[in-house]
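Scroll down for the structure; my scribbles are underneath it.
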2 protein chains.
Amino acid sequence: MTSSKIDLNKILRSAKLKATKPRLDVLSIINKAEAAVSHSEIQAKLESFDRVTLYRTLNTLIEKGIIHKAHVESTEVFYAMCTTSCTEEGHKHEHIHFVCDKCEEVTCIDSEPISIKLPNHIISEVRVQATGICDKCFV
Amino acid sequence: MTSSKIDLNKILRSAKLKATKPRLDVLSIINKAEAAVSHSEIQAKLESFDRVTLYRTLNTLIEKGIIHKAHVESTEVFYAMCTTSCTEEGHKHEHIHFVCDKCEEVTCIDSEPISIKLPNHIISEVRVQATGICDKCFV
DNA sequence: GTTTTATTGCAACATTGTTGCGGTATTTGT
DNA sequence: ACAAATACCGCAACAATGTTGCAATAAAAC
Ligand SMILES: [Zn+2]
Ligand SMILES: [Zn+2]
Ligand SMILES: [Zn+2]
Ligand SMILES: [Zn+2]
């Protein structure tokens, strides 16, 4: 039992979720990864689990504010760990999803909150997706 | 033959596309709409066309820089007209996609270009999605 | 009008996501 | 440590979304 596994157990416990193998395995994959992980990648690594279980597991973790989707302009959905600011009540992300055109990785990048003002609009959330070349692929 | 229909014909011609009924009808729907139109809405309005035809038509129009997808954090894809800055070579959008939590409309909002700087990254494109209450739903 | 060429419609398939339910694993309580 | 209560998983079946190949058709060019 590694120290990271203890953490993940705790995370599930404090969200009042049973610490089952699928959840621990999914969380472990997303937690270990540097970049956001695509659904299909998680699926591939957890072939033994039922497809439906994976969908439900991911959705549960999102609902509880543990992971979040990085909806980028692709058919694929990517998942990454939330920070402590996310709860069951809602996700509060102040970061950019960066998509590298070269390595195709999706990374969550903390940044200054982007302030947008639109006349006669109430803006509750701003999501930003940047495309380009990531630092790893940068010459 | 309305004046808008002439325009749409021209648009297709200058993109070296045949001005067929499916294309004119799809373009007409997207062009008339105030907000971006969801795939399912277009589909519903054009029941007579084959499902595949709609997919191919939309993709062709995107490739030619005539319409663009508004990928918002929803399973549904929305479509809107491009401006003249978009060509076959690429889409150049400097606008926000605003999703209203109340009326659920997706609108393209022109805005000042959002400048983001990330160390050791090359940023080629920035896409912004704001959520909240739109001007129509604003009290 | 006829030929040429692009586009459509159909059928079949692939992928992605959802729902209901019985069996199973995790917790809770003793 | 064990039994009871409960939450979760796996399976089957379905629904929605998207793709491919090809023959029939419509638009454009001549
Ligand atoms: Zn979150
Ligand atoms: Zn990269
Ligand atoms: Zn609204
Ligand atoms: Zn737009």
Side-chain angles (χ1 to χ4, degrees), chain A residues 1 5-6 8-29 36-64 66-79 88 106, chain B residues 1 5-6 8-29 36-64 66-79 88 106:
Chain A
M1 195 184 271
K5 208 166 191 181
I6 292 169
L8 300 180
N9 258 295
K10 272 186 195 165
I11 288 172
L12 291 174
R13 289 291 199 79
S14 56
K16 286 169 195 163
L17 291 175
K18 288 188 180 175
T20 63
K21 195 162 187 306
R23 284 175 185 161
L24 287 167
D25 285 4
V26 167
L27 260 185
S28 169
I29 287 171
V37 194
S38 71
H39 186 106
S40 63
E41 196 179 336
I42 303 173
Q43 177 86 271
K45 286 186 179 167
L46 300 176
E47 246 188 319
S48 61
F49 296 126
D50 189 71
R51 259 168 26 84
V52 179
T53 300
L54 182 52
Y55 278 110
R56 286 200 271 229
T57 301
L58 290 166
N59 285 334
T60 303
L61 295 175
I62 291 170
E63 280 164 23
K64 296 294 182 177
I66 299 170
I67 65 171
H68 68 275
K69 276 188 187 180
H71 271 276
V72 293
E73 295 209 13
S74 134
T75 325
E76 272 270 62
V77 180
F78 291 73
Y79 298 89
E88 197 165 356
V106 176
Chain B
M1 195 184 272
K5 208 165 189 181
I6 292 170
L8 299 181
N9 258 296
K10 272 186 195 166
I11 289 172
L12 290 174
R13 288 293 198 77
S14 56
K16 286 168 194 163
L17 290 175
K18 290 187 178 175
T20 63
K21 194 162 188 306
R23 284 174 186 162
L24 286 167
D25 285 4
V26 167
L27 260 185
S28 169
I29 288 170
V37 194
S38 70
H39 186 105
S40 62
E41 195 179 335
I42 302 172
Q43 176 86 271
K45 285 186 179 167
L46 300 176
E47 246 188 319
S48 61
F49 296 127
D50 190 71
R51 260 167 24 84
V52 179
T53 300
L54 181 52
Y55 278 110
R56 285 199 272 229
T57 300
L58 290 166
N59 285 333
T60 303
L61 295 175
I62 291 169
E63 280 164 25
K64 296 294 183 177
I66 299 170
I67 66 171
H68 68 277
K69 276 188 187 180
H71 270 276
V72 293
E73 295 209 12
S74 134
T75 325
E76 272 270 62
V77 181
F78 291 73
Y79 298 88
E88 197 164 357
V106 177

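In what follows, every chain begins at residue 1, and chains take the letters A, B, ... in the order their sequences are listed.
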Problem - Presence of B:Thr20 side-chain N/O under 4.0 Å of C:dT8 phosphate oxygens OP1/OP2 - result: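 Yes, within the criterion.
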
Atom [atom1] of [X] and atom [atom2] of [N]: how far apart are they, to the nearest Å?
X: B:Asp50; N: D:dC22; atom1: CG; atom2: P; result: 17 Å
X: A:Tyr55; N: C:dG20; atom1: OH; atom2: C1'; result: 18 Å
X: A:His39; N: C:dG17; atom1: NE2; atom2: P; result: 6 Å
X: B:Lys21; N: C:dT7; atom1: NZ; atom2: C1'; result: 15 Å
X: B:Asn59; N: D:dT20; atom1: CG; atom2: P; result: 10 Å
X: A:Phe49; N: C:dA25; atom1: CZ; atom2: C1'; result: 12 Å
X: A:Gln43; N: C:dA14; atom1: CD; atom2: C1'; result: 14 Å

Exercise for the section: Look at the side chain of B:Arg56 against the base of D:dG18 and say whether a donor-acceptor pair falls under 3.5 Å; ignore hydrogens and angles. Expected result: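 It does not, because no donor-acceptor pair links the side chain of B:Arg56 to the base of D:dG18 below 3.5 Å.
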
Handout entry: Side-chain donor/acceptor of A:Arg51 to base of D:dG10, under 3.5 Å
Key =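 Result: no qualifying N/O pair found.
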
Practice task
Mind running side-chain contact (heavy atoms from CB on, under 4.5 Å) on B:Ile66 and B:Leu17 for me, showing each step along the way?
Solution key: CA-CA 11 Å; B:Ile66 299 170; B:Leu17 290 175; 4.2 Å; yes

Handout entry: Residue among B:Thr53, B:Thr60, B:Asn59 satisfying side-chain contact (heavy atoms from CB on, under 4.5 Å) with B:Thr57
Key =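 The single option meeting the side-chain contact (heavy atoms from CB on, under 4.5 Å) with B:Thr57 is B:Thr53.
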
Practice task
List the steps, then state whether side-chain contact (heavy atoms from CB on, under 4.5 Å) holds for B:Glu41 with B:Phe78.
Solution key: CA-CA 9 Å; B:Glu41 195 179 335; B:Phe78 291 73; over 6 Å; no

Exercise for the section: Can you measure from CG (B:Leu12) to NZ (B:Lys64) and round to the nearest 0.5 angstrom? Expected result: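 B:Leu12 CG to B:Lys64 NZ: 10.5 Å, rounded to 0.5 Å.
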
